[in-house]
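I have placed the structure first, in the form of structure tokens, so that the comments after it can refer back to it.
Below, read A as the first sequence line, B as the second, and so on, with proteins coming before strands; counting in each chain starts at 1.
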Protein chains: 2
Amino acid sequence: MNRTAGHVPRPTRDRILDAAERLFAEHGFADTSLRMITAEAGANLAAVNYYFQSKDILIQEVFARRLGPLNEKRLQMLDACEREAGDGPLPLAGVLRAFVDPPIRMTLSDPEVGASAGRLLGRMYMQPGGLFDQVFQAQFGRIKQRFMAAMRRALPEVAEEEMLWRIHFMIGSLAHTLAGREHLAFLSDGRCGVTDADTLIARLVTFLEAGLRAPAAHRGGTACE
Amino acid sequence: MNRTAGHVPRPTRDRILDAAERLFAEHGFADTSLRMITAEAGANLAAVNYYFQSKDILIQEVFARRLGPLNEKRLQMLDACEREAGDGPLPLAGVLRAFVDPPIRMTLSDPEVGASAGRLLGRMYMQPGGLFDQVFQAQFGRIKQRFMAAMRRALPEVAEEEMLWRIHFMIGSLAHTLAGREHLAFLSDGRCGVTDADTLIARLVTFLEAGLRAPAAHRGGTACE
DNA sequence: GTCTATATGGGGATAGAC
DNA sequence: GTCTATCCCCATATAGAC
């Protein structure tokens, strides 16, 4: 059918990365031992230290493998959006879609790997310091620069500081969407499952666009409206 | 000046809870050892097993100490809001303020304990399963029930499933606001510090209200708007 | 490249003196 | 209530045979 009839077994290094990704997502980094990883990967304990030099480096590799292509896709979509806009106004919805579409689509594409990668991203968002600052700076430096500029252009009427806070809120919504599957189940008593990526992206973009465009707060008192 | 001239030293049990809260927030649960906690608390290692029976129970106590009063305050504010509304329409901004005001004010009141408690809440939001499900169900059961009903009453025009997703987005924004101080610093290159609680609450409520009230998505294609 | 065996350290928990 | 000393387990990492 394809080239070599049967399926080619995944090399040990990849199996370790796959298992690590899944287990890190499920149990966290400290609570996942190399023994658990190698057991699930069907590899030997010593193989981890052979392919990667340490657990820390393994963690970094797990992230780099997903975040590289993911952010590449984001930039491609933003490029397309800016190209299409030309000198005219930059449509906010397009910028937002470029930002949230790739990660959401990734987490929903393969139900298995998607759930893991999503929760893993959420975990890193919520766990700054130490190891993760390096990953963060390396992977999100360009993303930050490009999207901040695009947002300013798409929303010139929002003041600088207000804009930063709103982007902050936005990232929170996205992170929770990617990582908080269980919370939605709890919230909805299981009634609210996962629909398709298009619907979810549309829902999130609609919510975010309205929030980002809101007229500035009037600084009301503590009373009930 | 007050009653007993000097300061009364905090009892050992409280010092352990304080240290645990701070260290759990900074390093996570698995990465914080009882030895680190007792060292910071100026207590003996065995004291943890004397006052609490295990590390797990200590973790639960750390949460219960903050979440109890916090959610009590939320319900009080929601009560006041509903009382004020009477039979008339329930103002969405008031409901939102009852939800986000107590946690934000708590995290900003005491800069030290506030930052810890905030990050801790964020950590739990992002780390479901096991221990945390119990805490979740116990602490947030009533909150969920009351606020879901209030939201439906304040926003009858939003369809049920859409509402659930939007509340999901909202919780993400709040969690990130409480826990993601470093991310805002990274995002703004340090330009965006913490203002006062009133301003932040007003900003968040404005953002959320607009997002929640947005007309339902029209399910646009992948193109740039 | 893959294995076994082990070195080394740190963790949670507890017994029992004071 | 608070301490010291210790038990027992599991982690990461490495050495060295195959």
For B:Phe147, enumerate each residue passing the ring-ring contact (aromatic ring centres under 6.0 Å, His included) test, keeping only those at least two apart in sequence or located in another chain. B:Phe99

What is the distance from CD1 of B:Ile37 to P of C:dG10, rounded to the nearest Å? 17 Å

ring-ring contact (aromatic ring centres under 6.0 Å, His included) partners for B:Phe186, two or more places apart: A:Phe136

Going by the rule ring-ring contact (aromatic ring centres under 6.0 Å, His included), which residues pair with B:Tyr50 if we only count those two or more places apart in sequence or in a different chain? none

Selection: residues 54-62 of chain A, any non-hydrogen atom under 4.0 Å of DNA chain D: A:Ser54, A:Lys55

Among residues at least two apart in sequence or on other chains, which ones pass ring-ring contact (aromatic ring centres under 6.0 Å, His included) with B:Phe52? none

So, using side-chain contact (heavy atoms from CB on, under 4.5 Å) as the criterion, who are the partners of A:Asp110 when residues are at least two apart? A:Glu112, A:Val113

So the side chain to side chain donor-acceptor pair (under 3.5 Å) pairs with at least one residue in residues 134-144 of chain B (sequence neighbours excluded) are A:Asp189-B:Lys144, B:Gln60-B:Gln134

Expressed as a whole number of angstroms, how long is the span from A:Asn49:CG to D:dT14:C1'? 7 Å

How would nucleotides 2-9 of chain D be written as a contact map, 5' to 3', with B for base contact, S for sugar-phosphate-only contact and - for no contact, using protein heavy atoms under 4.0 Å? BBB-----

Using a 4.0 Å heavy-atom cut-off across all strands, classify A:Thr32 as base, sugar-phosphate, or nothing. sugar-phosphate

Pair B:His168 + A:His183: ring centers closer than 6.0 Å: no

Apply salt bridge (Lys or Arg N to Asp or Glu O under 4.0 Å) to A:Arg152 and list each qualifying residue two or more places apart in sequence or on a separate chain. A:Glu160

Whole-Å distance between C:dG1 P and A:Phe52 CZ? 13 Å

Taking only side-chain nitrogens and oxygens of B:Ser33, does any of them come within less than 4.0 Å of OP1 or OP2 of C:dG10? no

